Every structure is written in structure tokens, then in C-alpha cells.
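Inspection log for the structure reproduced underneath, given as C-alpha cells.
Order of the sequence lines sets the chain letters (A, B, ...), proteins ahead of strands, with each chain counted from 1. Heavy-atom basis, side chains included; hydrogens, waters and symmetry copies ignored. Remember, it's a predicted structure, so these values are computed and weren't measured experimentally.
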Number of protein chains: 2
Amino acid sequence: MLKYQQIAEEIEKYIEENELQQGEKLPVLDTLMSQFDASKSTVTKSLDLLEKKGVVFQVRGSGIFVRRHKRKGYISLLSNQGFKKDLEESHLTSDVIELKVRKPTAEAARNLNLELADDVYYVKRVRYINGQTLCLEESFFNKSIVTYLNKEIVSESIFNYIREGLGLKIGFSDMYLHVGMLTAMEADYLGMEEGAPKLDVETVFHLTNGQPFDFSIVTYNYEQSQFFLQANSQLL
Amino acid sequence: MLKYQQIAEEIEKYIEENELQQGEKLPVLDTLMSQFDASKSTVTKSLDLLEKKGVVFQVRGSGIFVRRHKRKGYISLLSNQGFKKDLEESHLTSDVIELKVRKPTAEAARNLNLELADDVYYVKRVRYINGQTLCLEESFFNKSIVTYLNKEIVSESIFNYIREGLGLKIGFSDMYLHVGMLTAMEADYLGMEEGAPKLDVETVFHLTNGQPFDFSIVTYNYEQSQFFLQANSQLL
DNA sequence: CAGTGGTCTAGACCACCGC
DNA sequence: CGGTGGTCTAGACCACTGG
């Protein structure tokens, strides 16, 4: 593990263990440098990481402060694939409805840069949170990259398997959100009424080398759809 | 303007002007270093910025590549307050429905760390995109920070005024998303049916020093609600 | 194994905040 | 004006990719 990741982790752990609140001040850079026996750039890099994650914010001429958000029970839109993080106390399960090799839909082919004749793994799941339906998920995996899947893998964390089992490196993703009304089929899976509000999240996942390997469409039950997002304005 | 920002801007401009597509390779680091007469760290910092903005992705041992998303007409959830960026071709206007100094709601007070007796500027606007209703927006500004507002300011970009007119530095924001159904009042403003799907986005905006100065609730017309989001998985 | 990006250091100097 | 974070450099060395 890299030094700056290590430092970032320790600082984050320190914040959690001491239950520091929004606005509380962390030790100054000099202290952190000697404490972790690292150069200024390295410590700064750790802090930039934490800032990107929404854990701290830095104020020039003043100090480094803890950043917290107040609300519980929200799903972080960015702690990508595998909510896990913000819903630690919640119980998440999945029902696998379908798992097979097939040809992609036109939309899936377009998003994965595939031909209609190429093979994809198709996975359809319903996800539950504390026993209530959370979402319906359909995923298309480029079979030439994700070469094997089975029911066991698919009922657990597919992404962990892709990372550890297949040794692939997941890079970045593009997400598209739409609000609409549930179709009869979706309503059925989610145990809701047809025409109820829904949020569709379509995501294209890429490897670190830029290859798209997964296109997924997730339809959220609006009653469980509380999402959270942290932004930094210094992008311009 | 800082050197690394300058470099980032020029690289971005270069990509736009030459209409580089997803996956196209940029010059190698050495070239960029000499081209911009900058050290490796500085160029790297520029590229990290662009990576955060979703403009490029870097692959160790291989190169620096252009990142693009395919879909047009989506509102970027992160290019914070002031869509402007992704909707450049669209025509955006506002109707100011209400502008006054008042006491905050309990919710607004909580999110702005204010007392119920403190003063806030309250702004209510309907926003249009190409003549169609896009959203209904209610904002509460901490009056001890945003000391003055008038109809003219409020019908243009409030955030530009805060930055340039008041000289305040906007830092980060926390966003909370909910899906639901339009109330009669909301439907009326948006020209929709009561009970139609909606997306509510509540945002708390902070200055760079961490002080919250604006709490806003934006209710989107679901027919116009197409959002876009780019994520980087290397956060862990 | 050559090419290319990533990490880390030490140190100089700059820019901002708040007393 | 002292304290603190931010920028920038030069250079050593590491780690990954792809032919």
C-alpha cells in the first residue's frame, strides 16, 4: 500500500474513532509530516485524497478541518457499485432473477462498444434493504472481459469478484439519471403500483485502461431512494 | 492564475478545439513538461485536475487519454449551481416569484446552523429551459453572509454575484436527492399534474472556510430531469 | 525491456487568515 | 506579522503496459 494512502487511512480512522465533528481542526501539516515521517507533498496528497472523498476540507492560512454530513440513511451516489459504505447498519440482500449469456440489446451494445453479435453476461437482480425492495438491477457484462459468472458470485458482490477473482482494475464510470414512472413489470418486481415514481440510474463502468466492461440499469423504488452527493466547487 | 490551472485549461481547450474523442492519446508527460516549461509535478497536478473533472484518464505505463461521455442534453449534477456548462446550447431563463427577508424554516435553520430568530434572504424562482419549465427553486441565504440581494441579481446568476459582487469564496456543498410526487402547489408552478413524479434536490452550500451560507430546495420536472455524473473508483 | 506514468523527497517561495 | 496551507522545482526511484 502506498504511503499517502496509508496516511489518508490513518487520518480517516483517527477522525472516526474520536468521533470528530464538522469543523473540528486536525493537527497542522508540520505535525502530520513528522508524525507520519513523510514529506510535505506526501501529506498534502493524502489530504487531497481525503478532501476528494469529502472527509476533510483545507483552508489556506487557517488549518485542516473535518467535513461531515448530517443525514443518515442516504445512499452515496459516488461510493460507486456497492453502497455498503453509507448503509453499513442496513441489511442488504439480493434475489437473482436471471443469469445467462446472451446478445446485448442495442442500447447495451452501444454503451459497451460491442457488436450485436458479441456475447454478454446478463444479470437481473432485485435488491432488498432491511427486507424492503430497494431496486431492480439489470446488468450487461462484456463477456470477453468478464469471462465467467455463476449464481454464487452474482448473489454476492460482483465487483469484488471482478477485482479479486479476475484481477481486473476498475477505473471510472459514467452515470445517467432519469426520473419516471414504473412500468407494470418493474412495479411487479418491486412490489409497487404501476405508474409510481421511480429513479433510473444507468451506469457504464470502465476499467482503468478505459475499456467499458459493464452497463447496468438500476430502477429504484422511490420510497427508498434517498441519495447523497458531495461536491467541491474548485473545479472552476 | 496558477500555472497548473493554466496548463489544465490549455489542455482542455486543445481537446475541445481538435474535437478529440474518447480514448484518443495526448502527448506524453515529457512533451507536456517541455511544452509548458513546467516540472513533472506541476503537469501531473494539471492532469489530476482534469481527471477529477472527467476530461482525461491516465493509465500508468501507457499514456494519457481523452475521456468523453456520449449523451447530450444531460445536466451535470456536479458542475454545481449554474448548469450552464453542459447545457450551453439550451436557453435558460428564470421567473422570480418571491424575494424577501424573513425568518428561516426549522429545516433551513438546521442546515445553515442558524437560530430561528436569525434573518435569511428567501428566493423562490421557476427556471425554464427552452421555454419549458425545468424546476422550482427555493433558497435560503444566511443574511449575515449574503448581506444584500435584489430582483436584478436574483433574476441572473446569484452565485456569480456572491463570488464577484460580494467577494466570497464558495467551497463545497452537500446534496440530498429524493424522488417523490408533485404537490398541488409544485405542480401548479411547473405546469404539471399533481402526483406526477419529481426529483427534489436539497443542497447546502459552504464557503471555503466551511460556513454554510445557502440552503436550497430544487424540485425538478421529471420530463426535463436528465442528470449526468462521472465517478472515479480510485477513492477506495 | 523500453516507454510511460506514479510516488516521494527536500527545500524555496508564495498567499491567505486571523490575531 | 506569525502561522499555516499551496505551488513549484529537480531529481531519484518505482511500477505498470505493451510490443
Side-chain angles (χ1 to χ4, degrees), chain A residues 1-9 11 23-52 56-67 145 163 167-172 206-211 232-235, chain B residues 1-9 11 23-52 56-67 145 163 167-172 206-211 232-235:
Chain A
M1 165 154 291
L2 295 169
K3 194 164 180 177
Y4 78 91
Q5 291 178 330
Q6 186 72 46
I7 294 173
E9 244 175 49
I11 294 176
E24 288 202 56
K25 196 167 186 290
L26 292 177
V28 300
L29 266 181
D30 268 334
T31 312
L32 295 173
M33 283 165 66
S34 56
Q35 186 171 329
F36 293 112
D37 189 32
S39 72
K40 188 170 178 175
S41 329
T42 304
V43 175
T44 298
K45 187 150 193 180
S46 307
L47 291 168
D48 287 347
L49 218 198
L50 291 176
E51 188 157 47
K52 209 159 74 172
V56 305
F57 61 95
Q58 302 175 74
V59 186
R60 162 143 40 180
S62 179
I64 304 150
F65 303 90
V66 174
R67 178 170 174 194
I145 300 174
R163 248 190 303 263
L168 295 172
K169 268 172 278 178
I170 298 168
F172 54 91
H206 305 255
L207 299 178
T208 46
N209 70 7
Q211 256 195 308
N232 287 295
S233 285
Q234 57 262 41
L235 299 184
Chain B
M1 166 155 287
L2 296 169
K3 195 165 182 177
Y4 79 92
Q5 292 179 329
Q6 186 72 45
I7 295 173
E9 243 175 50
I11 294 176
E24 290 202 54
K25 195 166 185 290
L26 291 177
V28 299
L29 265 181
D30 268 334
T31 311
L32 295 173
M33 282 166 66
S34 56
Q35 186 171 330
F36 293 111
D37 189 32
S39 74
K40 189 172 178 175
S41 330
T42 304
V43 175
T44 298
K45 188 150 191 179
S46 307
L47 292 168
D48 287 347
L49 219 197
L50 292 176
E51 188 157 46
K52 208 160 73 171
V56 304
F57 61 95
Q58 302 175 74
V59 186
R60 158 135 55 173
S62 179
I64 304 150
F65 303 90
V66 174
R67 178 171 175 195
I145 299 174
R163 247 190 303 263
L168 296 172
K169 268 172 277 176
I170 298 168
F172 54 90
H206 306 256
L207 299 177
T208 45
N209 70 7
Q211 256 195 307
N232 287 295
S233 284
Q234 56 262 43
L235 299 184

| note | Whole-Å distance, B:L2 CG to D:dC8 C1', equals 10 Å
| query | Roughly how many Å is it from CG in A:N209 to P in C:dG6, rounded to a whole number? | reply | 14 Å
| message | With a cut-off of less than 4.0 Å, is there a side-chain N or O of B:S39 near OP1 or OP2 of D:dT9? | response | yes
| To the nearest angstrom, how far is B:L32 atom CG from C:dG5 atom C1'? | 12 Å
| said: Can you tell me how the ring of A:F172 sits relative to the ring of B:F57, calling it parallel under 30°, perpendicular over 60° and tilted otherwise? | reply: tilted
| task | From the options D:dC8, D:dG5, D:dC16, select the nucleotide whose nearest atom is closest to the side chain of B:R60. | result | D:dC16
| message | From the set D:dT17, C:dT4, C:dC16, return the single nucleotide nearest to any side-chain atom of A:K169. | response | D:dT17
| said: Base of D:dG6, side chain of A:K40 - is there a donor-acceptor contact under 3.5 Å? | reply: yes
| request: May I ask you to test the A:L47-A:L29 pair for a side-chain heavy-atom distance under 4.5 Å? | output: yes
| remark: Among the nucleotides D:dT9, D:dT17, C:dT7, whichever has the atom closest to the side chain of B:A38 is D:dT9
| said: Just the rounded figure in Å: distance from C1' of C:dG6 to CD of A:Q5. | reply: 11 Å
| note | Atom CZ of B:F65 and atom P of D:dT17 are separated, to the nearest Å, by 11 Å
| Gap between atoms CD and P, on B:Q58 and C:dT4 respectively (whole Å) | 14 Å
| query | Separation of B:F57 atom CZ from D:dC16 atom P, in whole Å? | reply | 18 Å
| task | Using atom CG of B:L29 as one end and atom C1' of C:dG6 as the other, report the distance to the nearest whole Å. | result | 9 Å
| Quick one: NZ on B:K40 to CG on B:L32, what's the gap to the nearest 0.5 Å? | 12.0 Å
| said: Any base atoms under 4.0 Å from B:L47, or only sugar-phosphate, or nothing? Heavy atoms, all strands. | reply: nothing
| task | Just call it for B:D37: base, sugar-phosphate, or nothing, with non-hydrogen atoms closer than 4.0 Å on any strand. | result | sugar-phosphate
| message | Looking only at the side chains, is there a donor atom on one of A:S39 and A:T42 sitting less than 3.5 Å from an acceptor on the other? | response | yes
| Is there a donor-acceptor pair closer than 3.5 Å between any side-chain N or O of A:S34 and the backbone N or O of A:T31? | yes
| request: Return no unless some side-chain N or O of B:T42 is found under 4.0 Å from OP1 or OP2 of D:dT9. | output: yes
| Between D:dG6 and B:K45, is there an OP1 or OP2 to side-chain N/O distance shorter than 4.0 Å? | no
| query | So which one's nearest nucleotide on DNA chain C is more toward 5', B:S41 or B:K25? | reply | B:K25
